[in-house]
Amino acid sequence: MLKCLAFCFLVATTAVASALPGGRQQVARDAIQIGLSDDPAATPAETPAPAETPAPPDDKPAAAAPNEAAACTGVTFTRGLKYGEKNLNVLDVATGQSSGMKRPVVVFVAGEHFAGDSDEAAANPLVEQAMCFAARNGLVAFSVSYRLAPAAPWPAGSRDVAAAISWVHENADLFGGNKQEIIPIGYAAGAFHLASFLAHPEFQERDSHVAGVVLVSGVYRPTADAGDGEKSYFGTDASKYDSQSALPGLTAIDVPLVVAWSQADAPRFVAQGEKLKDMLCRAGHCPRFALLAKPGSPASVFDLDGSSGDLHERLRQLIGQIDARGLP
């Protein structure tokens with residue numbers, strides 16, 4: 001099993017362009033370090049801090065803009081893998097050079113919207129930036145697209161996440177991943193869908209076991225002050241919000257959790273994160289916690305935008321805990 005937190009070493013990798021139309025061309029051969037290192041020298045100039053963008057609609061946390069010069073050297077993207085029947089039921093995967101050992105798998109569920117008109121998946125540059133870093137540091141990185149309201153209201157997103165994770169579980173080995181070390185990372189609306197998948201066993205499919213979970217700047221219970229996008233997904237009948245909440249079910253799971261938000265997030269995101277943390281601790285299942293320096297983004301998981309505080313370290317600890325279990 002890969003001891004990805006225990007060592008770093010230099011390898012030479014060959015970049016491969018995505019085979020699908022619209023895929024990003026990867027840059028040339030380079031020498032990189034493997035291992036989730038927090039040493040700035042381990043992640044050379046591909047990850048300077050990007051600029052911030054205005055707050056997105058639907059009261060979501062603000063995202064940081066990617067740096068277009070951020071390199072994905074030595075990373076292969078495989079795009080448009082179907083895990084379901086709909087156009088939005090697709091996965092992308094990023095892999096680096098294999099060491100011949102099964103590697104931990106991270107699955108980004110990083111959708112920022114509950115609703116939308118498009119039925120075609122679009123690449124998120126911030127997610128791809130994080131996927132590149134993960135792949136260059138000895139992990140296998142997937143990203144999930146899911147259906148949107150109003151065409152697909154609650155609980156479509158959670159069911160899609162369940163189907164996607166089941167697909168990853170069944171196929172991780174094809175990309176050098178260890179299906180016993182799957183760690184989904186939910187951000188914004190994606191954090192709700194991931195939390196809801198965990199909290200509602202009825203949404204889960206076979207082979208959907210996860211080893212640990214990271215939830216960043218999410219809403220975990222719909223509220224009356226939600227934006228139009230959320231209400232399009234959950235509906236306007238507030239009497240149903242308790243049954244749609246992920247909060248009670250999350251207190252009953254035993255999966256290791258990392259919960260993060262920023263004090264610069266909109267107040268309702270801060271309140272929801274604090275509520276989740278408090279409920280988990282009262283249930284005897286206190287999560288690892290990270291407070292971000294500014295509104296989060298998928299890139300904050302690896303501190304690529306300088307916002308994560310200790311979120312990167314919490315992820316390292318989580319992978320180390322899973323690795324120490326000695327799973328096959």
Looking at every non-hydrogen atom in both residues, tell me the closest pair between [X] and [Y] and how far apart they are.
X: Leu318; Y: Val213; result: CD2-N, 4.1 Å
X: Gly229; Y: Ala115; result: O-CB, 3.8 Å
X: Gly116; Y: Leu148; result: N-CB, 3.7 Å
X: Ala163; Y: Glu205; result: CB-OE2, 3.5 Å
X: His285; Y: Val255; result: NE2-O, 3.0 Å
X: Gly296; Y: Ser217; result: N-OG, 4.4 Å

Indicate, with yes or no, if Val90 and Val106 share a hydrophobic cluster defined by side-chain heavy-atom contacts under 4.5 Å among Ile, Leu, Val, Met, Phe, Trp and Tyr.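 Different clusters.
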If two hydrophobic side chains count as joined below 4.5 Å and joins carry through other members, does Tyr187 share a cluster with Val258?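 Per the 4.5 Å side-chain linkage, Tyr187 and Val258 are co-clustered.
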For [X], what residues pass the salt bridge (charged side-chain N to carboxylate O under 4.0 Å, His left out) criterion, not counting sequence neighbours?
X: Asp207; value: none
X: Arg288; value: none
X: Glu170; value: Arg206
X: Asp173; value: none

Ring centroid separation Phe234 to Phe192 under 6.0 Å: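 Between Phe192 and Phe234, which both carry aromatic rings, the centre distance is below 6.0 Å.
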Check whether the ring centres of His193 and Tyr233 lie less than 6.0 Å apart, and answer yes or no.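 Here the rings of Tyr233 and His193 have centres that are less than 6.0 Å from each other.
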Would you say that [X] contacts [Y] through its side chain, given a criterion of any heavy-atom pair below 4.5 Å between the two side chains?
X: Ile185; Y: Val109; result: no
X: Val216; Y: Leu292; result: yes
X: Leu81; Y: Trp167; result: yes
X: Leu139; Y: Phe133; result: no
X: Leu315; Y: Val301; result: yes
X: Leu88; Y: Glu120; result: no
X: His200; Y: Pro155; result: no
X: Ile183; Y: Val105; result: no

Where the side chain of [X] meets the backbone of [Y], is there a donor-acceptor pair that is under 3.5 Å apart?
X: Arg103; Y: Glu181; result: no
X: Gln272; Y: Val219; result: no
X: Gln204; Y: Phe197; result: yes
X: Lys82; Y: Lys86; result: yes
X: Arg314; Y: Phe289; result: yes

Not counting sequence neighbours, which residues clear side chain to side chain donor-acceptor pair (under 3.5 Å) with [X]? List them please.
X: Ser118; answer: none
X: Thr236; answer: none
X: His169; answer: none
X: Ser308; answer: Asp303

Separation of [Y] [atom2] from [X] [atom1] (nearest 0.5 Å):
X: Ile165; Y: Lys179; atom1: CD1; atom2: NZ; value: 15.5 Å
X: His312; Y: Asp310; atom1: NE2; atom2: CG; value: 11.5 Å
X: Cys132; Y: Asn137; atom1: SG; atom2: CG; value: 11.0 Å
X: Phe302; Y: Met131; atom1: CZ; atom2: CE; value: 10.5 Å
X: Leu198; Y: Phe203; atom1: CG; atom2: CZ; value: 12.0 Å
X: Leu276; Y: Tyr220; atom1: CG; atom2: OH; value: 6.0 Å

Once side chain to side chain donor-acceptor pair (under 3.5 Å) is applied, what residue pairs with a partner in residues 142-155 remain, sequence neighbours excluded?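 Of all non-adjacent pairs touching residues 142-155, those that pass side chain to side chain donor-acceptor pair (under 3.5 Å) are Arg147-Asp160.
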Can you pull the side chain to side chain donor-acceptor pair (under 3.5 Å) pairs that have at least one residue in residues 241-262, sequence neighbours excluded?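 Residue pairs with at least one partner in residues 241-262: Arg221-Asp242.
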Could you go through Glu202 and Arg159, starting from their C-alpha distance and side-chain angles, then the distance that decides it, and tell me whether this counts as salt bridge (Lys or Arg N to Asp or Glu O under 4.0 Å)? CA-CA 9 Å; Glu202 66 272 22; Arg159 293 190 180 279; over 6 Å; no
State whether Phe77 and Arg79 meet the cation-pi test: NZ (Lys) or CZ (Arg) under 6.0 Å from the six-membered ring centroid, and within 45° of the perpendicular axis.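 Yes, cation above the ring, under 6.0 Å and within 45°.
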Would you say that more than 12 heavy atoms from the other residues, nucleotides or ligands in this model lie under 6.0 Å from the CG of Asp237, or not?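 Atom CG in Asp237 is packed in, count exceeds 12.
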Evaluate the side chain to side chain contact (heavy atoms under 4.5 Å, CB included) criterion for residues Arg136 and Thr73: first the C-alpha distance (whole Å), next the side-chain angles of each, then the deciding distance (0.1 Å), finally the verdict. CA-CA 8 Å; Arg136 286 168 59 90; Thr73 305; 3.1 Å; yes
Which pairs, with at least one residue in residues 191-297 and sequence neighbours excluded, count as a disulfide (SG to SG under 2.5 Å)?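 As it turns out, the disulfide (SG to SG under 2.5 Å) pairs with a partner in residues 191-297, which skip direct neighbours, are Cys281-Cys286.
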Which residue pairs pass the disulfide (SG to SG under 2.5 Å) test with at least one member in residues 150-181, sequence neighbours excluded?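 Counting only pairs at least two positions apart or across chains, no disulfide (SG to SG under 2.5 Å) contact touches residues 150-181.
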Any salt bridge between Glu313 and Arg316, counting N to O under 4.0 Å?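 Yes.
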Would you kindly say whether Ser300 and Asp305 are connected by a side-chain donor-acceptor distance under 3.5 Å?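 No donor-acceptor contact under 3.5 Å links the two side chains.
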